[in-house]
Protein chains: 2
Amino acid sequence: MNEIGGRRRVTVHDVARVAGVSLATVDRVLNGRPGVRAATVEKVEAAIAEIGFHRDLSASLLARARDIGVTFIIPDGSNAFMASSAEAIERWTAPALSDRVHIQILRVKALDGAALARALDGLDAKTCDCAVIVAGEDAAVLAAVDAATRRDIAVLTPVSDLPGSQRRHFIGIDNVAAGRTAASLLGRFLPQGGKVALIAGSLHLRDHSDRPAGFHAALAAEFSTIAVVGPLEGHDEASQTESIVAALLAEHPDLAGLYNLGAGNTGLVKALDNSGRAGAIRVIAHELTAATRQGLVGGAIDVVLDQNPDGEIRQAIAAARALALGGNGLSGNAPIEIGIFLRDNLR
Amino acid sequence: MNEIGGRRRVTVHDVARVAGVSLATVDRVLNGRPGVRAATVEKVEAAIAEIGFHRDLSASLLARARDIGVTFIIPDGSNAFMASSAEAIERWTAPALSDRVHIQILRVKALDGAALARALDGLDAKTCDCAVIVAGEDAAVLAAVDAATRRDIAVLTPVSDLPGSQRRHFIGIDNVAAGRTAASLLGRFLPQGGKVALIAGSLHLRDHSDRPAGFHAALAAEFSTIAVVGPLEGHDEASQTESIVAALLAEHPDLAGLYNLGAGNTGLVKALDNSGRAGAIRVIAHELTAATRQGLVGGAIDVVLDQNPDGEIRQAIAAARALALGGNGLSGNAPIEIGIFLRDNLR
DNA sequence: AAAGTCATGAGGCACGTACCTCATTGGCGG
DNA sequence: CCGCCAATGAGGTACGTGCCTCATGACTTT
């Protein structure tokens, strides 16, 4: 009794019966194989719509000879966000295996479009149904993405979108909104107005250029009493960020707020602590990592905006599964929300 | 070739071979059927661990004769949060069907423990593997939950925990942390200190008593210059909340902040707009609904704390699937985070 | 010693789909 | 009219697990 509440499950047999064709023909239509007249295809599709047939993913997955392969290509290096993404991927590897999704991680040199393109080109459609990449806007990468798509490998681009490419799906936060949110919080934190510093990492990645745009726009629209210093570039690097912040603090004794939209937060916290002004300046940073966590708990950082890598990974896996199983992969996954963390709601 | 990268899938046959027992015995162990000596059980479990066997959910689901039934029992009435939960449930009904999860919604009278208990008692294990309920701390409900658990129906309690029961899993935000977060934000919004009003709904539900606890604790610890007015009870009702807020605003011309931890936000926004002081008072409310959305966009509300019903529903479905399939259901689902929304990061 | 109980083995069918091979049909051109 | 080919039918096997029946051997009870 494959039923709940007395209704039998609708199967391919039902489709065949209603359409007045054989099972083999239904199968040909369902799996896009050749050898069916257009008129017959329509009959089958009408029957599918009429009785509300939905392919049973369990049986489908069981019947197809091979499992689903998903390859994550992530930048190598010391970037804390990427490290936590990698952790999240590893955390989900075993559970995904229960759903016959095999996960593989490939590391490439950070910010090297050519290397990423080579990695993409090297993917074999036999062992990889779906690639998940973090890419800058690079011509070589765009070409590689399109080539992979033509080889029947779906490409997902979390974190940073690739507008010009054939990518199937974007998973990630709205970085303009993130910048706006930082501005809006700082504005409310400083009702008297004041001087606020903006620190960027590299402007190469799209997410790092969207954020300042949103930040400036929101400040201009709502908080005209706040003046912005910068942007200064910390190159996502702890020691550089530390010296920049230290210089900044020395130069502006009246600094009231600070927004670091890049990485290198270890340096940020160190500089603030050393200056003795931690807690007196309202600070917003990005990505929940060991460094920003410590900053929150210690009081040097007020708010952390987070991309929720765990959620992104989960969604990427779900989307990959849906894509590989013939769905469109877009159904029913909400966009990732911007995580906002204070000391008080740290998970 | 059921493989990726050349490694064959580990099946029950492999377990049987490695353990040196028959397939039937492995099956008995895996599905908790009687008739196996303890020593043999250990042999099988050792083999499972050794070769890393994981039950194939697809095949398992396919093999068992019936699908998974999940019943959501939600309070009837005009509560906006429940309405958006119901929407989220309906949104996920179709996608869940692809995974052989049948979703059913049962509505009971709000805040009526006896009615909820009756609904739970009426569930048949034949058509329902898992019930998801929102319950107050009621003796009748606790008993019904335990009874359902004994009938092999797993019970999940999102939103509001039931500490004394046999519930299998809690999905929901940390409401003490939510209260702390509201306090922490208001404290930072009002660096000069000031008077802040606290409005509660009913203190019957656990979430509504946890929030003020966190709120007061955080204020006391970090923001001693802020004085609290209240708590006043709005009974989660728009008209009552409106009159309370109107009276409050009239009585305290110097009110600087407001935290409504209950529902009835339509009334809150109306009272603020009518007073002409919307935007001049920092306001924090709960649950992203049409009313709070409007408040955010219009400027009457600064921040909304949200339980993310969509995420909760998704997790409840996933947990129900895992539970019904013999897993423990707890693996790999992060606790729900507190959503923090400003006008700038509205989704 | 006979009868009974318990642990286990052996094997088979079912679930719904994918994919394969081998007929069979009908229409077409030569 | 014959042969060719495209379209379709018929039917099988496989995927990995759940669940069922029946047989067998060992050990206990009377």
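Only this structure's heavy atoms are used, side chains among them; waters, hydrogens and symmetry mates stay out. Chain naming here is simple, since letters A, B, ... match the order of the sequence lines and numbering starts at 1 in each.
As rounded to whole Å, 12 Å separates atom P of C/dC15 from atom CG of A/Asp14. Per the geometry, CG belonging to A/Leu61 stands 12 Å off P belonging to C/dC19, to the nearest Å. Per the geometry, CG belonging to A/Leu62 stands 4 Å off C1' belonging to D/dC15, to the nearest Å. Here the P atom of nucleotide D/dG9 and the NE2 atom of A/His13 are 14 Å apart, to the nearest Å. In this structure, B/Asp56 atom CG and D/dA14 atom P are separated by 18 Å, rounded to whole Å. One can place CD1 of A/Ile68 at 18 Å from P of D/dC15, the figure rounded to the nearest angstrom.
Ionic pairing of A/Asp14 and A/Arg17 is present here: one or more N-O contacts between side-chain nitrogen and carboxylate oxygen are shorter than 4.0 angstrom.
The distance from the CG atom of A/Leu116 to the CG atom of A/Asp121 is 10.0 Å, given to the nearest 0.5 Å. Considering CG of B/Leu106 and CD1 of B/Ile133, their distance stands at 12.0 Å, rounded to 0.5 Å.
Minimum atom distance to the side chain of A/Phe53 is reached by C/dT17, of the listed D/dT17, C/dA18, C/dT17.
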I'd like a table of donor-acceptor pairs (distance under 3.5 Å, sequence neighbours excluded) in which one partner is a side-chain atom from residues 34-43 of chain A, with atom names and distances.
none

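Scanning residues 15-39 of chain A for heavy-atom distances under 4.0 Å to DNA chain D yields A/Gly20, A/Val21, A/Ser22, A/Ala24, A/Thr25, A/Arg28, A/Gly35, A/Val36, A/Arg37.
A/Thr40 comes within 4.0 angstrom of sugar-phosphate atoms only, judged by non-hydrogen atoms across all strands, and of no base.
Partners of B/Asn31 under the side-chain hydrogen bond (donor to acceptor under 3.5 Å, both in side chains) rule, at least two apart in sequence or in another chain, are B/Asp27, B/Arg55.
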Intermediate values then yes/no, side-chain contact (heavy atoms from CB on, under 4.5 Å), B/Ile89 and B/Val132: CA-CA 11 Å; B/Ile89 295 171; B/Val132 186; over 6 Å; no
